[in-house]
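Here is the structure we will look at, set down as structure tokens.
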There are 2 protein chains.
Amino acid sequence: MQNWEQVLSGSGHRVTGSRRAVAEVLADAEGPLSHQTVLERGRALHPELGLVTVYRTLDLFAELGLTRKVHREDGCSNCMPSSAGHHHALLCTKCGAAVEFPCTDDIAELVAKVESTTDFEVHSHLLQLSGVCSECKAKVGP
Amino acid sequence: MQNWEQVLSGSGHRVTGSRRAVAEVLADAEGPLSHQTVLERGRALHPELGLVTVYRTLDLFAELGLTRKVHREDGCSNCMPSSAGHHHALLCTKCGAAVEFPCTDDIAELVAKVESTTDFEVHSHLLQLSGVCSECKAKVGP
DNA sequence: GTCGCTGCAAACGCTTTGCATCCTT
DNA sequence: AAGGATGCAAAGCGTTTGCAGCGAC
């Protein structure tokens with residue numbers, strides 16, 4: 001996410017104030033952000049930012065692999081910055097925090113089993129875990 | 001899905017023509033269905049069926065565990081009938097077919113690893129596989 | 001100077017709500 | 001008879017599109 005400017009210009013797109021604002025908001029995000037939240041935070045950095053541009057910029061970033069889309073109960077189209085490699089998201093249901101974890105061999109094993117059982121050829125998988133983070137676990141105590 | 005009438009009346013709800021139509025459409029579904037598709041097919045069985053009722057009925061069925069919600073690229077709120085036990089969905093990207101497969105120990109292992117790595121307490125997981133089913137694989141060949 | 005990018009406003013589509021009526025219980 | 005269920009119409013939201021002006025290259 002720190003080399004987004006190179007990714008953008010390298011793929012023939014322009015580096016603008018709006019995109020810089022969105023990129024910074026995402027870089028500082030502690031979890032998945034809705035378009036509306038990106039807009040509100042982005043306006044602190046670039047007051048003339050519009051919601052339409054947030055949609056277009058987030059689409060573009062996702063297309064370039066700079067962000068990852070996250071599904072939540074309350075909506076399908078939240079975004080979080082993505083790091084290299086194949087990762088999955090783990091969300092805290094209490095505070096909304098999200099972390100990534102790398103894809104493990106366990107998934108590969110499961111996919112192999114399912115392929116032999118169903119005769120499908122599996123191309124991709126969507127995995128998300130939900131739970132309570134360490135901080136929220138502590139808060140619940142006596 | 002065949003005992004939906006008992007589940008409904010057992011939980012204090014009524015068995016009506018609209019709900020029967022929706023239930024039959026779901027029972028015959030070869031894959032995940034959108035609300036609109038449920039409406040169209042349901043009207044063949046119960047012509048006065050309305051879209052609003054489809055929404056309410058699908059919500060109710062999901063609440064009672066009779067159906068499972070499925071996430072797809074083109075939308076978040078499709079439904080398919082659900083069977084007993086913890087299952088996940090496998091979707092064919094060519095023909096839209098969907099099958100279920102049971103949750104395996106591989107997931108439990110992965111969850112254990114992630115919990116020790118992140119210090120989260122994982123409560124639930126969302127897993128969906130996408131690929132090509134055996135029939136569509138055959139079609140592609142020479 | 002060119003052409004992509006932006007923001008506003010309007011259009012759009014999906015989902016929910018209000019309400020009078022119907023029908024299961 | 002009572003109250004949940006239904007369907008229509010309208011409201012409500014989030015998302016996309018059209019267009020004229022602006023700004024990166």
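All chains are named by letter (A, B, ...) in the order of the sequence lines, taking the proteins before the strands, and each is independently numbered beginning at 1.
Between Arg19(A) and Glu5(A), none of the side-chain N atoms (NZ, or NE/NH1/NH2) sits under 4.0 Å from a carboxylate O, so this pair counts as no salt bridge.
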Report the secondary structure of DNA chain C in dot-bracket form, marking unpaired bases with a dot and bases paired to a different strand with |, and treating Watson-Crick or G-U pairs with both distances under 3.5 Å as paired. |||||||||||||||||||||||||
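The residue among Gly12(B) and Gln36(A) whose nearest nucleotide of DNA chain D lies closer to the 5′ end is Gly12(B).
As rounded to whole Å, 13 Å separates atom C1' of dC23(C) from atom CZ of Arg20(B). The nearest whole Å value for the distance from the CG atom in Leu39(B) to the P atom in dG13(C) is 16 Å. The nearest whole Å value for the distance from the CZ atom in Arg19(B) to the C1' atom in dG7(D) is 14 Å. Atom CD in Glu63(A) sits about 15 Å away from atom P in dG4(C), given to the nearest Å. The CD atom of Glu48(A) sits 10 Å away from the C1' atom of dT6(C) (whole-angstrom rounding). At whole-Å resolution of the value, CG in Leu60(B) and P in dT16(C) are 14 Å apart. If you take CZ of Arg43(A) and C1' of dC8(C), they are 11 Å apart, rounded to a whole angstrom. At whole-Å resolution of the value, NE2 in His46(B) and P in dA5(D) are 14 Å apart.
Using modelled atom types, no side-chain atom of Thr57(A) and backbone atom of Val54(A) make a donor-acceptor pair closer than 3.5 Å. With Glu115(B) contributing its side chain and Val122(B) its backbone, the two residues share a donor-acceptor pair below 3.5 Å. Between the side chain of Thr117(B) and the main chain of Lys113(B), a donor-acceptor pair closer than 3.5 Å is present. Between the side chain of Thr53(A) and the backbone N or O of Leu49(A), no donor-acceptor pair lies under 3.5 Å.
With Val25(B) as the fixed residue, the side chain to side chain contact (heavy atoms under 4.5 Å, CB included) test singles out one of Arg43(B), Arg41(B), Arg20(B): Arg41(B).
Rounding to the nearest 0.5 angstrom, the gap separating the CH2 atom in Trp4(B) from the OG1 atom in Thr67(B) is 13.0 Å.
Checking the phosphate oxygens (OP1, OP2) of dC5(C), no side-chain nitrogen or oxygen of Thr53(A) falls inside 4.0 Å.
Annotation: side-chain contact (heavy atoms from CB on, under 4.5 Å) contacts of Arg56(A) (sequence neighbours excluded): Val52(A).
Two residues are said to be in side-chain contact when any heavy atoms from C-beta on lie closer than 4.5 Å; Leu60(B) and Leu66(B) fail this criterion.
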Per-nt protein contacts along nucleotides 16-25 of chain D (heavy atom under 4.0 Å; B base, S backbone sugar-phosphate only, - none) come out as BB-----BBS
